[in-house]
Protein chains: 2
Amino acid sequence: MMSDESPARPLTSRELAALIGVSQSAVSRAFTPGSSISSKLRARILGAAHEYGYQPNAIASMMTTKRTKIVGIVVSDMRNPFYPALIERLTQALQRVGFQSLLFNISPGARIEEQLVAIRTYNVDTVIVISATILDDRTLNWAAGGRRAILLNRLSHQDMPTVCCDNVAGARAVVDHFHAIDRHRIGYVAGLAKTAVGMTRQGAFTTRLAELGMRLVGSAGSEAYTFEAGWQGALDLLAARPDAIFFASDILALGGLGALRAAGVRIPEDIAVAGFDDIVMAGWPTNDLTTYRQPVDQLIEKAIEMTLAAEIDEDRLVLLPGELIIRGSTSGD
Amino acid sequence: MMSDESPARPLTSRELAALIGVSQSAVSRAFTPGSSISSKLRARILGAAHEYGYQPNAIASMMTTKRTKIVGIVVSDMRNPFYPALIERLTQALQRVGFQSLLFNISPGARIEEQLVAIRTYNVDTVIVISATILDDRTLNWAAGGRRAILLNRLSHQDMPTVCCDNVAGARAVVDHFHAIDRHRIGYVAGLAKTAVGMTRQGAFTTRLAELGMRLVGSAGSEAYTFEAGWQGALDLLAARPDAIFFASDILALGGLGALRAAGVRIPEDIAVAGFDDIVMAGWPTNDLTTYRQPVDQLIEKAIEMTLAAEIDEDRLVLLPGELIIRGSTSGD
DNA sequence: TTGTATGCGTTATCAG
DNA sequence: CTGATAACGCATACAA
């Protein structure tokens, strides 16, 4: 493919056709899998394309096929390391099935719709929404403009197609673990409390605590999934003297660990700490954070499946279980 | 814009024109800044567009204008938190000037050209390359297919348009700081040693050491910009008994800090530690890492400028100075 | 300023 | 299986 120095203007199918004496449609067919063309002619055309450096113009083909092979990925928070990791693997998975990713980075605050206009005008085939916040279902549907929208790691109040970690199972696993290591004075540091995911996690957590007769001695809110919010949340809980704290996400937990250690609290002897997500940093020896690992690969696999499916009739809400990763922040060893 | 429930098929300019009794070209002109149309007619058309939910189809307009308003962003490593932070701000800045970002996440290893074909077929206006590795200039030029390619935070061996942090100034600032705090047995942990950025940083560092009569007691290589590589690099240097170590990037330095602390080394009393980039984590109280801050906003500003410029004649290589951020890992306080 | 007509590069329909 | 021809939705040269 690199045999030729790139000319300023790329070759068109018609030009290539003229060059080797076939019709323009033949060239098009050569590049269309499953089209009716003899393997001999196809080979000749593909050979010539290779030689002359011809590649079909994807933009032009969008005109007739009405498909862009582009997925719009809507994000709003790349500060939390969980998201870049998710996005990286998602875009790679999409590329493997022939899709490209147009990244829509929505800034919180003003003029959200204005930022979303591009999603409609660029005619992406599918919109995958990773942003936990900012967009309500209605805005989302508008932005999708009739195209398929899939929620990834985010819950809908309507019945939009959704792929999400099973937050209930995750929160319960953490409680059960706290119970197993004999902690009974439990604290909770929330992330974005108003989001569906946040509420689900917190609800399941407190419910399971009650089932096991454990005591929620304190609960700290926070405005964001950030290190600083976790730090502050941990400090706010100290007065309640918990012997274990569950942070709604790893990035919060890392902040919490920092605050607790700075306050002279021994982890896990005095307070056991658990997070949620299993971001890479949670596994660093310096953090060694017990956490509920999100099934990222399976989440992505499902999202891709939904992207490719002709219809999404059943299983519009896919909840996938993760796995509790027990590390030093809760286990004495 | 949300006045209408999104119809399955979006309106075309011709349909809108028919609806309000003007020509299709009038509709097109209403949406084209600077086109010859009376403000009265434009207002009427934009009003109707708003009412009926019409938005120009960006794909179709690409056919005639030959411009996609899409920038291809080539990345290969989102594990190093510096990159997501850069990408987030870059895509937002691009959006503000009316460009969308198509993310090309190149997996190291096989079939790189195959992964790059999409860049050509999608006709992006500009390619911004953030990936430090993987692609040589020739492959890059091929992938760009005659379009503009800009290197961001990466150096070229040819004269491709480049915006990069001034690594020489950065490395020198670190050495000067080590000198100022009276350290003379210096260690260095390299990142990807084979990259131009890596070589520049290392070269400037050792040169400045020599100028100030300081001693490079040891130097550790590493295969990647990762926490683990930094951890190992720090361990490798211990035998040489350095009193200060410069890590080629923050993520390496964080690993190094972990390893040193685990080994009982006091920071900064025994060994002062400095990184490069100033990722968010460097500023966390738990890390408190002295580092050379990359001028991210200015880098992006310049990259946007180059993206929008008609020609890039002079200033094809823009080197921007950063700022040494002194924190607890080198300063006793 | 406005409308009419043409073309962008491809896919899809229709004959042969 | 192959070639000619008609869209796709918009921007622009041209005519009015």
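Each chain gets a letter, A, B and so on, in the order its sequence line appears, and its residues count up from 1.
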Only one of B:T126, B:D125, B:T68, B:N123 passes side-chain hydrogen bond (donor to acceptor under 3.5 Å, both in side chains) with B:R147; say which it is.
B:N123
State whether the side chain of [X] and the backbone N or O of [Y] hold a donor-acceptor pair below 3.5 Å, judged by distance alone.
| X | Y | value |
| --- | --- | --- |
| B:R316 | B:D159 | yes |
| A:N57 | A:A60 | yes |
| B:T12 | B:E15 | yes |

Does [X] reach the side chain of [Y], with side-chain heavy atoms less than 4.5 Å apart?
| X | Y | result |
| --- | --- | --- |
| A:L102 | A:V71 | no |
| A:L103 | B:I87 | yes |
| B:W142 | B:V117 | yes |

Summarise protein proximity over nucleotides 4-10 of chain C in one line of letters, 5' to 3': B for base, S for sugar-phosphate only, - for none, counting protein heavy atoms closer than 4.0 Å.
BB-BBBB
In the 5' to 3' direction, the nucleotides of DNA chain D bounding the stretch that comes under 4.0 Å of a heavy atom in chain B are D:dG9 to D:dA13
With heavy atoms under 4.0 Å as the rule, sort A:I59 into base, sugar-phosphate or nothing.
nothing
Aromatic contact, A:F104 with A:Y122 (centres under 6.0 Å)
no
